[in-house]
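Residue numbers start from 1 in every chain, and the chains themselves are labelled A, B, ... in the order their sequence lines are given, proteins ahead of strands.
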There are 2 protein chains.
Amino acid sequence: MAGNIARSQRVNREGSGHLATEDRRTRRTRRALRDALVSLVIEHGYAGVKVEDITEHADLSRATFYGYYTDKDDLLDTVVSDLLVALRRELRPLFSASSEGFTGKPLLKIFQHAQEERDLYRLILRGEGDGRALRQFTEVCTRAGAELFRARAEHLGIAPRLDPELLTQAWAGEWMAVLAWWIEADSPALSPEQATEMLLSLSLRGRYWAAGFDSETAPGSP
Amino acid sequence: MAGNIARSQRVNREGSGHLATEDRRTRRTRRALRDALVSLVIEHGYAGVKVEDITEHADLSRATFYGYYTDKDDLLDTVVSDLLVALRRELRPLFSASSEGFTGKPLLKIFQHAQEERDLYRLILRGEGDGRALRQFTEVCTRAGAELFRARAEHLGIAPRLDPELLTQAWAGEWMAVLAWWIEADSPALSPEQATEMLLSLSLRGRYWAAGFDSETAPGSP
DNA sequence: ACAATTCAATACATCGTGTTCAGTAACGGC
DNA sequence: GCCGTTACTGAACACGATGTATTGAATTGT
């Protein structure tokens with residue numbers, strides 16, 4: 001967060017006609033720092049982790065850290081950004097086939113992805129880093145959700161009865177809260193398939209069906 | 001966050017038979033520190049605010065701060081706890097009358113409360129303080145929501161068709177996301193009544209009604 | 001006006017940060 | 001395999017923020 005020129009550009013100076021293969025040490029170091037950050041933050045909280053803790057856990061010198069990142073914040077931002085491009089890449093193919101039709105494929109993919117990168121997702125969803133990571137994540141997901149809703153509405157020629165932004169926020173908030181709850185559980189009571197299936201039912205049939213009401217004789221909501 | 005004995009107990013040594021009125025200076029100082037924290041965090045983010053910034057903004061000496069709180073964290077925790085007891089007090093009367101029947105009275109109350117304490121709510125919902133404040137808030141709200149759901153189900157003799165914890169998380173996530181979005185808007189496009197009304201409709205009639213579908217010929221969800 | 005206690009101001013030890021640089025080890029390309 | 005290049009080390013340094021302690025002055029409740 002210091003007012004500093006970003007030094008974290010080990011530019012892939014184009015070698016010969018080659019693929020400009022990144023130095024092996026570099027990859028190792030980046031991964032080590034990334035993993036150290038994630039596991040330490042999970043254990044001690046973001047503010048409770050010093051740069052020296054990270055480098056120590058990664059078996060590196062403190063000086064090395066500053067060769068890659070300007071900051072603890074810089075490291076976290078990079079880690080989260082990387083996660084988001086990976087997620088988008090996995091999601092993209094499911095999107096084109098999804099502006100009409102759809103089952104909850106994208107959502108399932110997210111839950112599976114979260115299961116693989118469990119600690120990082122926990123870190124983000126806990127709001128570590130003063131919520132910056134969470135905001136990044138939320139932003140991407142709501143943007144994608146809004147686009148899906150919009151495309152679907154246009155494709156079917158219908159107009160939402162409620163503020164479309166509100167709908168987007170509500171939907172994102174709903175599944176993200178469930179994801180956060182699900183990913184924090186010690187013993188996985190639900191599989192990704194079950195969790196997303198429930199979210200789907202909830203969305204499709206409504207909260208009153210889910211609560212157990214038989215008819216539409218349902219009163220308000222808390 | 002330092003391993004320190006909590007010194008922040010200026011005990012209300014009971015005076016005479018009086019109401020144990022807290023020293024006026026003390027109240028003034030506490031409020032000043034509270035307000036300074038909130039507005040500074042909104043502007044610069046939690047990590048970007050020094051204790052000295054707070055005391056300076058509150059026109060106090062840095063030494064004074066440590067007479068009241070051990071930490072920046074301690075101050076934030078206290079502020080959030082105070083908010084939560086205030087919120088619970090406002091909500092309690094609406095709860096007893098709400099395990100049957102209900103309109104969305106409690107929810108409306110929360111939105112109104114958020115409007116009054118706008119900056120503090122923004123701070124919390126942004127996840128400042130590594131999400132500790134947000135977790136506190138979420139915890140209280142989901143606990144209350146779960147209790148409401150449980151009481152209602154028992155009162156009506158129905159059993160939820162989905163994991164009740166999932167339902168609780170989903171509902172809390174939904175309205176909290178909408179609250180966060182609503183409270184961050186610069187020009188209040190929606191009144192508290194409108195916002196909660198929409199959430200109510202959404203919950204009552206379901207996402208597909210809200211999206212604009214006429215019948216139940218609705219496909220899945222994103 | 002009096003006693004109590006809150007607040008100011010200063011000084012101090014400590015810790016984490018971010019930078020620098022000379023020396024060493026590991027890498028990729030040929 | 002060697003060699004030029006690049007990544008890492010280790011230590012030292014200045015700096016800023018934290019938390020503590022102490023003394024004297026200002027305000028308060030009574």
TODO: I would like to know whether Arg34(B) and Asp82(B) meet side chain to side chain contact (heavy atoms under 4.5 Å, CB included); could you show each step before the answer?
DONE: CA-CA 11 Å; Arg34(B) 190 199 109 112; Asp82(B) 288 354; 5.7 Å; no

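Separating the CG atom of Asp74(A) from the C1' atom of dT17(C) is a distance of 15 Å, rounded to the nearest angstrom. Here dA26(C) presents its C1' atom at 14 Å from CZ of Arg27(A), a figure rounded to the nearest Å. Atom-to-atom, CD of Glu22(A) to C1' of dT6(D) comes out at 12 Å; the value is rounded to the nearest Å. Computed from coordinates, the Leu40(B) CG to dA17(D) C1' distance equals 16 Å when rounded to whole Å. Look at NZ on Lys72(A): it is 11 Å from P on dG16(C), rounded to the nearest Å. Rounded to an integer number of Å, the gap from Glu56(B) CD to dG16(D) C1' is 15 Å. Taking atom CZ of Arg28(A) as the reference point, atom P of dT9(D) lies 10 Å away to the nearest angstrom.
Residue Asp59(A) is in sugar-phosphate contact alone, with no base atom involved, counting any heavy-atom pair closer than 4.0 Å across all strands shown. Using a 4.0 Å heavy-atom distance criterion, Arg25(A) is classed as a base contact.
One finds no side-chain N or O of Tyr68(B) lying less than 4.0 angstrom from the OP1 or OP2 phosphate oxygen of dT6(C). For dC7(C), one of the phosphate oxygens OP1 or OP2 lies less than 4.0 angstrom from a side-chain nitrogen or oxygen of Thr29(B). Of the side-chain N and O atoms in Thr64(B), one or more sit less than 4.0 angstrom from OP1 or OP2 of dA8(C).
The side chain of Leu60(A) sits closest to dC8(D) out of dC8(D), dT17(C), dG10(D). For Tyr66(B), the side-chain atoms get nearest to dT20(D) when compared with the rest of dT9(D), dG29(D), dT20(D). When distances run from any side-chain atom of Asp23(A) to the nucleotides dA9(C), dG18(C), dA7(D), the shortest one goes to dA7(D). Residue Lys50(B) places its side chain closer to dT18(D) than to any other of dG18(C), dT18(D), dA8(C).
No hydrogens or angles were tested; on distance alone, a donor-acceptor pair under 3.5 Å links the side chain of Arg62(A) to the base of dG18(C). Judged by atom type and distance alone, Arg24(A) does not reach the base of dG28(C) through any side-chain donor-acceptor pair under 3.5 Å.
When Lys72(B), Arg132(B), Arg135(B) are each tested for a salt bridge (Lys or Arg N to Asp or Glu O under 4.0 Å) with Asp77(B), only one passes: Arg132(B). A ring-ring contact (aromatic ring centres under 6.0 Å, His included) with Phe111(B) is found for one member of Trp175(B), Trp181(B), Trp182(B) and no other, namely Trp182(B).
Taking the nucleotide of DNA chain C with the nearest heavy atom to each of Glu52(A) and Ala63(A), the more 5' of the two is matched to Glu52(A).
Of the possible donor and acceptor atoms, none in the side chain of Asp119(B) sits under 3.5 Å from a partner among the backbone N and O of Ile42(B).
The aromatic rings of His113(B) and Tyr121(B) lie perpendicular to each other, with more than 60° between the two planes, well past the 30° mark.
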